[in-house]
Amino acid sequence: MAQTAITPQGKIYPPTNWKTWLGVAPFFIFAILFLFLPSLRLFTASFTDPEGNFTLNNIIQLFSEKYIVDAYKLSIQISAVTALGGGILGFLLAYSVTVGGLPKSLRSILITFSGVASNFAGVPLAFAFVATIGRQGFMTHILRDYFGMDIYEAGFNLYSFAGLSLVYMYFQFPLMVLIMAPALDGLKKEWREAAENLGASTAQYWLKVAMPVLLPSILGAMILLFGNAFGAYATAYALTGGRIGVVTIQIGAQIRGDVLYNPGLGYAMAIGMVVIMAISLAGYSWLQAKTERWLK
Amino acid sequence: MAYLSISKVTKQFGDTVVVDNFNLDIEKGEFVSFLGPSGCGKTTTLRMVAGFELPTSGQIFLDGVDITDKSPNQRNVGMIFQSYALFPNMTVEQNIGFGLTVRKLEKDVIKQRVDEMVRLIHLEKHAHKYPYQLSGGQQQRVSLARALANRPQVLLLDEPLSALDAKIRVSLRSEIRAIQKSLGITAIFVTHDQEEALSISDRIVVMNVGEMEQVGTPFEIYNFPKTRFVANFVGSLNTAEAQVLDPANGLLTMDGIQLQTHEGIIGKKKGDKVTFAIRPERFSFVAEGKKENLLEGTVINITFLGSVVRIQMQIGNSTFNMDTFNRPSLELPKIGEKCQVTCSTKAVLILEG
Amino acid sequence: MKFLYRLRNFPFWSWLWFIIGALYFILPLLATFEFSLSWDPAIPWKAYQRAFEDNDFWETFIYSNVLAVATIFFSVLLVVPTAYWIRLRLPQARRIVEFITLMPFVVPAIILVFGLIRIYSSPFTIPFTDIQLMQPLTNFKMGTNILIVAGYTVLAMPYMYRSVDTGMRTVDIATLTEAAQSLGASWYVIITKIILPNIRSALLSGALLTFAIVVGEVTLASFLGVDAFGPYLFLLGQHRAYEPAALSFVSFLLTWFAMGMIQMVTGGQGQAQGAH
């Protein structure tokens, strides 16, 4: 039977039959086998006690155990702080090489570096920061010897919330640069000229035109940064060896740990994470759609 | 002094001279077009009037005030962009009111002026829509209203119709002209489309590689092009070279074929080379009793252009186009045939360059 | 006056942000490099020598590279036909497939790995019977390899899919295919002479990104218990000081090399996004 599918955009597609769908079958089978079934199994496992019986205990524990609630709080805080900090720094950097008037050559250098740094995580990143602002770090010494600032004396510690945030920022702000540079390119030169022509100052242009236009992209990118930090495991583990109990580390400890061991609870925590990530992704897609509509 | 005076303006980007010693006086209420191919400096000149580019040398006066170094937001000049440049985050009303809002006018003044502008461009039903919900023609009308809401001293239009469909282009162009006339506003219109410039302007400035080729009314530009460039660019005239035979009586020879002009050729002597032009529609098939400007040629190609038929002919060593009205009774020669055509002595124009 | 105009237009703030960003980028690398050279002032490259002398380094590093190549091969095999088919015949599937390729963002590595273990550590049986078809994937070496390559393919999917799909959109692959078909080209010719050459740079950029993700990956590798470079570096860091710094610096250079290649092949259009 010939059918025509109409998408929300009102586009009319040619009729298809089941054979056409066979072309994408391998992809779907792969996704089901290695993405959906594992997630689904974790979901069912989080409602199972060690003896294999149904239980709601794990879910209840998610909200009642203080150290779990704290882990979520910590993860959310660290993700929010680094998303905001990385977002702001990344935005300013992206601004400086796009519409900020810096030479074109600096742009491609920055983009390449951002590509590297946003993928530079885990063990090497942890080592790099220990070597930089660890107790015997390069910058720690420079700050102490040349600027008279002993950051450890002042209460700084690399293996703390502030330290971990500083490390996360290293892959956070480059990601922001990569997302925001094209968005800033989307600001048409004519908008600025039109605004000036109509009597607006630079500040008025940014306040009334550029920022409102960019806001969905900025928020969307920050959500992505949030998720990026929220799901990070290797970096936190390599840096602190599990001393800072972010959710990912707690999950690892619950499922594979020596001290804490309660797989069911670990799976429940994982599902909790998936829910938070799904909410952020939904927010991201919503903002993305809004931006595309405007800039069409 | 004229209302808007562009005086000895030159603009260089690096070593490239984009606009070379541009001089133009525009009267209040006048509609002037800058016509030329891309890269001729017409847009750069316009952008210097708007303040987006600084002239390398020269001055620009508006109503007696030197505005050469003023920043764009301190000039009261309205600009329309080819890409509309509407702010995507604002509705039609907010876009139109933008210039008034940044000038911190009172709310009810803004409201009143915006309403007036919305009526002027007939978009009352769309006042609360966003730009992406409007067609290109509607967007450009909003852009016009936005520029006019500030009551600018001069309206600058940078190829405002180029991005639109052919039909909208024609209707919007007459709408722009009507609004300009009713408000009595001075306007500069940049275009590469000669038909557009001819139909809309009081005066046309034809430009080529940074220089003014000719300034004149559409009638003058079309009927009496002064240079080969203007002749070719406006209305695709036939141009060819010939030798002067008798300057006093206006006699020329081209590959042995004699041509007669209406007036004598000033400043040339026998044997000098000149360039002349003949408009395609000035040719006709030979009627009985014609004595001068009898040209024999071979038909190379025949093209139907709707109301007109264009016949391409080899005459001497040059190729000429002849346009004739497409009547059902029209008898056309065949390709490869020889035929005789003629034109009046007034049709043979001697060009300067 | 011209000079003042120039001065007013000097992008002071832009330079400031750029310099702060550049310092953030460079200082940790500089510190790592400096530290890696400080083991023995007499032999500055000692840490590098020692690190490269270790057989385990070469074994894990080569193994990780093999995993990366396998992942790239498998991703290309999975993503290219799918993206192509959607562009050509099945635009309806775009939304759902794009949604699926974003899923690894919702299910981060740490969660994915436990899901995989949970499922594939039990034997394959015919549904509703006890007849065993295959022993659990996690029980034998090849099975674990399959599992980890599948996991990496999932992690790399957003980057690979986006890269390939963008590549196909830029060259308008559907029209190219129709043009080739109308000229009488066979499917073999279309695929080898039209599609692959036209998305070459997109493929390369997706492949290099995948490489950058896989080679240093820790989470999947350590929980699945494979001897890859990531866990090796982690263990090394537990009881050595200078060699890990040297290897960290080397792995940074490798990532940089991969990204530099992407920049070169795509002319700056390459989009890299974090994966942790």
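Please read all numbers here as calculations on a predicted model, not as lab measurements. Computed over heavy atoms, backbone and side chain alike; hydrogens, waters and symmetry mates excluded. Lettering follows sequence order; numbering is per chain, from 1.
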Part of A/K189 within contact of chain B (heavy atom distance under 4.5 Å): side chain

Does the B/N89 side chain pair with the main chain of A/P212, one donor and one acceptor, at a distance under 3.5 Å? no

A/E196 side chain vs B/N73 backbone, donor-acceptor pair below 3.5 Å: no

Side-chain contact test, heavy atoms from C-beta onward, threshold under 4.5 Å: evaluate it for [X] versus [Y] and give yes or no.
{"X": "A/E190", "Y": "B/Q82", "answer": "no"}
{"X": "B/T101", "Y": "A/K208", "answer": "yes"}
{"X": "A/N197", "Y": "B/P72", "answer": "no"}
{"X": "B/F98", "Y": "A/V209", "answer": "yes"}

Taking [atom1] in [X] as the centre, count heavy atoms belonging to other residues, nucleotides or ligands within less than 6.0 Å. Is the count above 12?
{"X": "B/E106", "atom1": "CD", "value": "no"}
{"X": "A/F63", "atom1": "CZ", "value": "no"}
{"X": "A/Q77", "atom1": "CD", "value": "yes"}
{"X": "A/F43", "atom1": "CZ", "value": "no"}

Looking only at heavy atoms, which two atoms of B/A85 and A/A194 are closest? And how far apart?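 In this case the closest contact between B/A85 and A/A194 is O-CB, 4.0 Å.
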
For a quick test of reading the model, state the closest non-hydrogen atom pair linking A/E193 to B/F52 and the distance between them.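 Closest approach of A/E193 to B/F52, heavy atoms only: O-CZ, 3.2 Å.
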
Measure the OH-CZ distance between A/Y205 and B/F87 for me, rounded to the nearest 0.5 Å.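 Result: 8.5 Å between the selected atoms.
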
How long is the straight-line distance from CG of A/L198 back to CD1 of B/I96, given to the nearest 0.5 Å?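 It comes to 11.0 Å.
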
Considering only heavy atoms, which portion of [X] lies under 4.5 Å from any heavy atom of chain A: side chain, backbone, both, or neither?
{"X": "B/S143", "result": "neither"}
{"X": "B/R47", "result": "side chain"}
{"X": "B/A147", "result": "backbone"}

Donor-acceptor pairs under 3.5 Å, side chain of residues 156-168 of chain B to any protein atom, not counting sequence neighbours: which ones?
residue: B/D158; atom: OD1; partner: B/T43; partner atom: OG1; Å: 3.3
residue: B/E159; atom: OE1; partner: B/S162; partner atom: OG; Å: 2.7
residue: B/E159; atom: OE1; partner: B/H192; partner atom: ND1; Å: 2.8
residue: B/E159; atom: OE2; partner: B/H192; partner atom: ND1; Å: 3.3

Identify every side-chain donor-acceptor pair in residues 166-185 of chain A under 3.5 Å, counting partners at least two apart or on other chains, and give the distances.
residue: A/Y170; atom: OH; partner: C/F25; partner atom: O; Å: 2.7
residue: A/Q172; atom: OE1; partner: A/N228; partner atom: ND2; Å: 3.3
residue: A/Q172; atom: NE2; partner: A/T82; partner atom: OG1; Å: 3.1
residue: A/Q172; atom: NE2; partner: A/L225; partner atom: O; Å: 2.8
residue: A/D185; atom: OD1; partner: A/R107; partner atom: NH1; Å: 3.1
residue: A/D185; atom: OD2; partner: A/R107; partner atom: NH1; Å: 3.2
residue: A/D185; atom: OD2; partner: A/R107; partner atom: NH2; Å: 2.8

